[in-house]
Amino acid sequence: MNLPLNIDWQQILLHLFNFTILAGGLYLLLYRPVKQFIQKREDYYRSLHEEAQKEREQAQKLKAEYKEKLAQQEAAFAQKQSQAQKDLDQMRSQQIAQAQQQAEAILEKARQNAQRERADIVSKATKELMDAAVIATEKIVLRKEGDPYDQFLDLAERRGLDEQTD
């Protein structure tokens, strides 16, 4: 069977059969294992991505929780700090009030002591003035009267009596 252009159908069919065997073999030996390997790899990386996404979401939730807790702690700290400041102010005002009371007590004692000292000084000055007046009167009287020896004895006697009464 000679066909024009030297075409041998048997050779064409053998080539098609060889190509089919080659394509089937390559499909079974190369394409399918590579495709399975790529699919497994995609699945692995997809699962890693999903896990990472879940972990990121959990981390964001934890971060939000920590921020909330931090805000609560800061609020509690601010409240405690304001309470401590109030307590400090109250203690300071109490100490100032106590210091003022002590100062008033000290001033009152000083006034009383000053009044006592003033009274003592006035009484001493009055006594000294009276003594000076008595002495001056006696001198005036003694000049007018006679014997200076008698006058001296009288004066000593009076002074001795005055000192005994003190």
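This structure is a prediction, so every number in the text was calculated from the model and none was measured. Numbers here simply count residues along the sequence, with the first being 1. Just so you know, these numbers use all the heavy atoms, side chains as well, and skip hydrogens, waters and symmetry mates.
- How far CZ of F17 is from CG of L22: 12.0 Å, rounded to the nearest 0.5 Å.
- A distance of 8.5 Å separates CD in Q95 from CG in L88, rounded to the nearest 0.5 Å.
- E50 contributes atom CD, which lies 6.5 Å from atom NZ of K54 (distance to the nearest 0.5 angstrom).
- Looking only at side-chain heavy atoms (C-beta outward), Y44 and L48 come within less than 4.5 Å of each other.
- Between D87 atom CG and Q90 atom CD the span is 6.5 Å, to the nearest 0.5 Å.
- Through chains of ILVMFWY side-chain contacts below 4.5 Å, L28 is grouped with Y27, Y31.
- A salt bridge links R111 with E108: at least one charged nitrogen is closer than 4.0 Å to a carboxylate oxygen.
- Annotation: the span from Q58 atom CD to Q53 atom CD amounts to 11.5 Å, rounded to 0.5 Å.
- Within a 6.0 Å sphere centred on CD of Q79, other residues, nucleotides and ligands contribute 12 heavy atoms or fewer.
- Residues Q81 and F77 meet the side-chain proximity criterion, which asks for heavy atoms closer than 4.5 Å.
- Using a 4.5 Å heavy-atom cutoff, the side chains of R32 and K35 are not in contact.
- Taking CD1 of I21 as the reference point, atom CG of L14 lies at 9.5 Å (rounded to 0.5 Å).
- Counting heavy atoms of neighbouring residues, nucleotides and ligands inside a 6.0 Å radius, atom CD of Q10 does not exceed 12 of them.
- Under the side-chain hydrogen bond (donor to acceptor under 3.5 Å, both in side chains) test applied with N113, the options R116, E117, Q115 reduce to a single match, R116.
- A continuous path of ILVMFWY side-chain contacts below 4.5 Å connects L16 to W9, so both sit in one hydrophobic cluster.
- Of the charged side-chain nitrogens involved, at least one lies within less than 4.0 Å of a carboxylate oxygen, so that R46 and D43 count as a salt-bridged pair.
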